[in-house]
Visitor: 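I'd like to ask you about the structure that follows.
Chain A is the first sequence line, chain B the second, and so forth, proteins listed ahead of strands; every chain is numbered from 1.
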Amino acid sequence: MPEVVTEHNVERGKEVLKSQIDAKIASYFSSCVHCGLCAEACLFYTETGDPRYTPIYKVEPMRRVWQQENTFWGKLGKGLGILKEVTEQDFAEWQEMLYESCTLCGRCSMVCPVGNDIAYMIRKSREAFAAAGYTPEGLQGATRRALEIGSPMGITLHTLEAQIKHVEKATGWEMPMDQQGADYMVLFSSMEVVNFPEYIEAIARIFHQAGRTWTISSKAFEATNSGIQIGDSGIARELVSRVVNAAEELGVKYVISPECGHAFMAIRWDAPNLIGRKPNFDVVHILEVLDQFRAEGRLKVDSTTDERLTFHDPCQIVRRGGVVEPQRNLMHMVATNFVEMPDAGVMNWCCGGGGGVSAQEETEELRLKVFERKKRQLNAVKPDRLVTACANCRIILEEGLEHNEMDLEVIGLTELLAEHLAEGDTAAK
Amino acid sequence: MFLEFVEGPLWYIALTIFVVGVVLRLLDVFRSGVRTDLAPPRREGLGGALRTLVTRSWTAPGFTRGAAFHLVAGYMFHLGLFVLLFFAAPHVLFIEERLLGFGWTPVPYWAFILAANFAFAGLILVWLRRVMHPVMRRISTLDDHLAVILTFIAMFTGCMALFQHHDSLRAIHMLTVEVLMIYFPFSRLMHAFTFAISRSYTGAAMARKGINA
Amino acid sequence: MARMKFLCDAERCIECNGCVTACKNENEVPWGINRRRVVSINDGSPGERSLSVACMHCSDAPCSAVCPVDCFYTTDDGVVLHDKDICIGCGYCFYACPFGAPQFPEGGAYGSRGKMDKCTFCAGGPLPDNSAEEFREYGSNRLAQGKLPLCAEMCATKALLAGDGNVVSDIFRQRSVGRASPGIAWAWGVAYGKPGIRSGRDMSGKASSEE
Amino acid sequence: MNKNAKKRTVMRRVLVLILSLVIILPLIPYAVALVDGPGAVPNPGAQLWNEVRQRDGASAGVSQVQAVDGSVFINPYGERWRQFRMQQLVPIGGWLLVGVTAFIALFRLIRGKVPLEGGRSGKLVPRFSVNQRVVHWFAGTIFVIEAVTGLVLLYGRFVLIPLLGPEGFSATAAASKEIHNLFGPIFPLAVVLMILLFLRGNSPNMVDVKWFAKAGGLLKGMPASSGYYNGGQKSWFWMVVVFGIAISGSGLVLNFPVFGQGREIMEWAHVVHGVVAILFITASLGHIYIGTIGMEGAIEAMTQGYVDANWAKEHHDLWFAEMEKAGMVGVAPNALEEVKRHDDIDFKGFGSPGAKQKEG
């Protein structure tokens, strides 16, 4: 089993930086004209005004390695000893910029005039920093817990079972565990298990109404993947393999990513590349499943709300995951007064806690500072309730709202739907 | 003598370095390759690549205000330079006689000068912002400044050469352009070619995820 | 030395533009440049009068006074010439000249006019007399060959006079006096007389239409 | 004796009569002409030459030669323009430039560098945004290019020919003219941008009158109150606006001789261009001096975008008070950009009375 690297090793870091430079990154660095527009897209820059938070500057160590390995002047400068190599100090300094001030939200990638995918470059840079042991303690701990206990928050199957019991009591139905040949295998993020067990109940009720079979795997219920966040592909592969193996053992058709941003990214987009093959099932986000049920008439509501609702688009699901319309269809289904925040959709602003930022205690001050952006977005529409579809976003949003003494409830979209689900009328036969 | 050198041997040296250098740089980009994305795509990447190639010529929705300076000054410079480079009468003649064997209709003199005004204004503006803006100042390297200065000098000598009909001025312009061409493959100026690659890669990757980037 | 002058007799000029053509041909000036032009007043009416205009080779030449690079000079013969190697084509001479003599090859945008060109009194420029370079830049140098400007020489009605100012004015004075005498005013001899004899480089007392 | 005397009297009277007639008789035709009125005795030559000289509103003629003003015999305005340029613009402008330079030198000798009385506090007050600074230096760069090349064309004949010789100066002048014409059309753009970015806070008020009354606080021990911009800066701004528009308009007329504008228009354009240029350059000398080496702590406003709190207090006390109230003293260097990005913060900071920062 892979382990979290904690010992600093700059040489290893530089080697991995070099190895991470693929055609994309070589092209990106060749194209960058240092125009600084990415800064305007990054909430860490716009909210602090600190030019160090310019996205492309966060991959400066990688740029230097690229320059010294791939360009004439770089090779010459390195040969003559003029160009400074990436040092221990650089690694220490940029660790902060790569992990504490970037949520991998990818907004910069959407505005770069030469088309650089800077979020991709940061993800690749993290790979080297993880290999060199320059990673924040909070993330190291979470990753270690994920590897050893099975969840970054340290929860076990036991905890899940306790929550399931509550749900069973509330609904009167038995929750399907390890059911062979079910249509869907449902995953959770530990945050949902601990903080938002309503989600589990909502899932049960919705699937009950939709009349589709589903199951929870006792071997792999955790959807999150700290390996992706810390940037260690080996760990990410290990964590994702657990899900793939469990799902393939159960022979399900679909694996459902929960309301969690990076989990969707990990299972839907990264898993096949990590394990080197396409798994024997399809991965869908819960919002996609719900929207499909809605389209098929399997999802029925018997009431709507005229509350002023708005939807916070989680970066990894929307901008980096490609789920844009389902949540809007679903919102319109239950909310007669649904309003969009400025920049909503693929250009939405991050909550400030993604990409592992929320796993580090030391980021709290910065996180609350950059929450100003979300606050202004919310002030522009002044909703009664805020809906989202990512447990991590939800935590960060609640934290920021509380800090700013804004009285605003945050709710998951799945739960919102379950609130209005037509009682009794089930399509299950 | 000087003119003969810059119009003869030096021109071919510069052209060779330019062409070979650019090809090598492009090969270097592709050398490391990209791993095939095994995740089942929502749609094919090719359309997205082409799409992004075009759409990144403008700003992302809701981003126009933040990028207004770059948009205006950047286009002033690039469009101006494009007209100067490919539609100035002496350049068209040069391309016809020395490079391709055929030419096209150049722009009239007034349009050339107007393009030059735009190009100079844009170049000075973006460079001043590079010096003034905290972000651009932090991320700029010597290469960025050199590229601006060399481009400025080449454009400037070009305008002077056109005005005066002096062989020596034309020779100076040839020289500065040759310096620029030799510098080109080793520098930031490569973005003139690689921007298309970058946009395509990103556009394809995002399209596979179902996003119009 | 002589002071070279042009004089155009409005009573004689018939707007044939022969002088313009002669000048163009002799000096091979490019298209768009007209060192000499004929202007008519009251064109088509009974009072119509025409005059042939070119550089008048002023004594205190305004062009020379305003030139920012000081490229004008006056020859010993009183001909106002300029050095094209020094001219920057700013056009100030064109503003200052009362006769519209300075011409520019390029009327393009942005004040790029090219080097100024004007009537040289067929006296070339600062380059070696009658050299190929001189001819290319300034046109013919007839004065160095002992000849007078071709425009005046070619004038069919002898309206355009060129030569030593004293002689030219004498001729014109005689003509005017003659015209004032009834009966002989339009006599052939008064009007045209016989051409003078010219030789050598010294233009003193010479004019293109001696009586 | 008596007879002789009488004879002499008669002779004297005849003599007077003859002399009178000699004087008066020749005047009779004139009298007749006067009574008959003018034009009664037309001079055919006079009419022709009046038309040639375009007197009495006579129109120009026609010519086979097609050219701008080709059908004009005599350009009656050239001489006037020549007199203006050579007798007025060149000498008066020259003395003005020399005089103002000497005055600044004298000021420097007497006053020295205007110091920062309270030293540096180390606290920053944001003053100009990035865009303002970029536009300022953009306009400044073009202005200096145009001023230097323009002065070469105006005074080179007198100052540089003795130094460089005719050929050397010709090359300098040719380059100057081309550079002047090439970069000239960019200046209108710079002026428009200047107006857009610096208009706010530049409207004159009573504070400026008092400021002028106290000689702008430039004299020792005589501080003058001022807001975001002081009277001098406001004057300079409005000079930039008025001179900028005038010099751009006249410059474009001169720079594009392709729209059939004749000599008269271009001569007028040149008069405007020359006068405004001299005034503009003269005024800029003061601006450049006080903005760079003349005053301690002034240049940072345009290079870094912020000033020291003590500088703000000493030179723009009213603005400083506003900034202090708005909590903009001792903030990050790029606080202005920061503020601008936050659309919901109603911060002006440009000296408008009551500028405030809302609690956001």
Visitor: So which of B/I139, B/L189, B/L24 has the biggest tally of heavy-atom pairs under 4.5 Å with chain A?
Guide: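 Max contact count across the listed options: B/I139.
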Visitor: Checking the side chain of B/R35 only, and the main-chain atoms of A/N273 only, is there a donor and an acceptor separated by less than 3.5 Å?
Guide: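 Such a contact is found between B/R35 side chain and A/N273 backbone.
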Visitor: With a 4.5 angstrom heavy-atom cut-off, which part of B/D37 approaches chain A: side chain, backbone, both or neither?
Guide: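 The answer is both parts of B/D37.
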Visitor: Which atoms of B/F63 come close to chain A, meaning under 4.5 Å heavy atom to heavy atom: side chain ones, backbone ones, both, or neither?
Guide: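 It is the side chain, since no backbone atom gets that close.
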Visitor: State whether A/E40 and B/R65 are salt-bridged, where the test is any N-O pair (Lys NZ or Arg NE/NH1/NH2 against Asp/Glu carboxylate O) under 4.0 Å.
Guide: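 No, no charged N to carboxylate O under 4.0 Å.
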Visitor: So what's closer than 4.5 Å to chain A heavy atoms on B/T36: side chain, backbone, both or neither?
Guide: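 Backbone of B/T36 only, per the 4.5 Å heavy-atom cut-off to chain A.
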Visitor: Would you sort out whether A/H34 and B/R137 count as a side-chain contact (heavy atoms from CB on, under 4.5 Å), showing the intermediate values?
Guide: CA-CA 9 Å; A/H34 295 159; B/R137 195 163 43 194; over 6 Å; no
Visitor: Which of the residues A/S31, A/A26, A/G36 is involved in the greatest number of heavy-atom pairs with chain B at under 4.5 angstrom?
Guide: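 Option with the top pair count is A/S31.
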Visitor: Of all of A/V283, A/V33, A/V318, which one pairs up most often with chain B through heavy atoms under 4.5 Å apart?
Guide: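 The answer is A/V33.
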Visitor: So, are A/E288 and A/R268 salt-bridged, with charged N and O less than 4.0 Å apart?
Guide: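 Between A/R268 and A/E288 there is no salt bridge, as every charged N stays at least 4.0 Å from the carboxylate O atoms.
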Visitor: If we define contacts as heavy-atom pairs under 4.5 Å, which of A/D117, A/T54, A/V111 has the most with chain B?
Guide: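 With the most close heavy-atom pairs to chain B, the winner is A/V111.
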Visitor: Heavy-atom pairs under 4.5 Å with chain B are the metric here; pick the option from A/G321, A/S27, A/P342, A/P113 that has the most.
Guide: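 The option with the most such pairs is A/S27.
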Visitor: Can you tell which part of B/N212 gets under 4.5 Å to a heavy atom of chain A, answering side chain, backbone, both or neither?
Guide: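 Only the backbone of B/N212 comes within 4.5 Å of chain A.
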Visitor: Could you check A/L37 against A/C112 for side-chain contact (heavy atoms from CB on, under 4.5 Å), going step by step and ending with a plain yes or no?
Guide: CA-CA 7 Å; A/L37 262 189; A/C112 176; over 6 Å; no
Visitor: Is the Lys NZ or Arg CZ of A/K253 less than 6.0 Å from the centre of A/F281's six-membered ring, within 45° of the axis?
Guide: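 Judged by the rule, A/K253 and A/F281 form no cation-pi pair.
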Visitor: Find the one option among B/M190, B/R129, B/M136 whose heavy-atom pairs under 4.5 Å with chain A are most numerous.
Guide: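 Top count of heavy-atom pairs under 4.5 Å with chain A: B/M136.
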Visitor: Find the one option among B/S57, B/A192, B/A213, B/P40 whose heavy-atom pairs under 4.5 Å with chain A are most numerous.
Guide: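 Looking at each of B/S57, B/A192, B/A213, B/P40 in turn, B/P40 comes out on top.
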Visitor: Are any non-hydrogen side-chain atoms of A/L76 and A/W73 less than 4.5 angstrom apart?
Guide: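 Result yes, sub-4.5 Å side-chain heavy-atom pair found.
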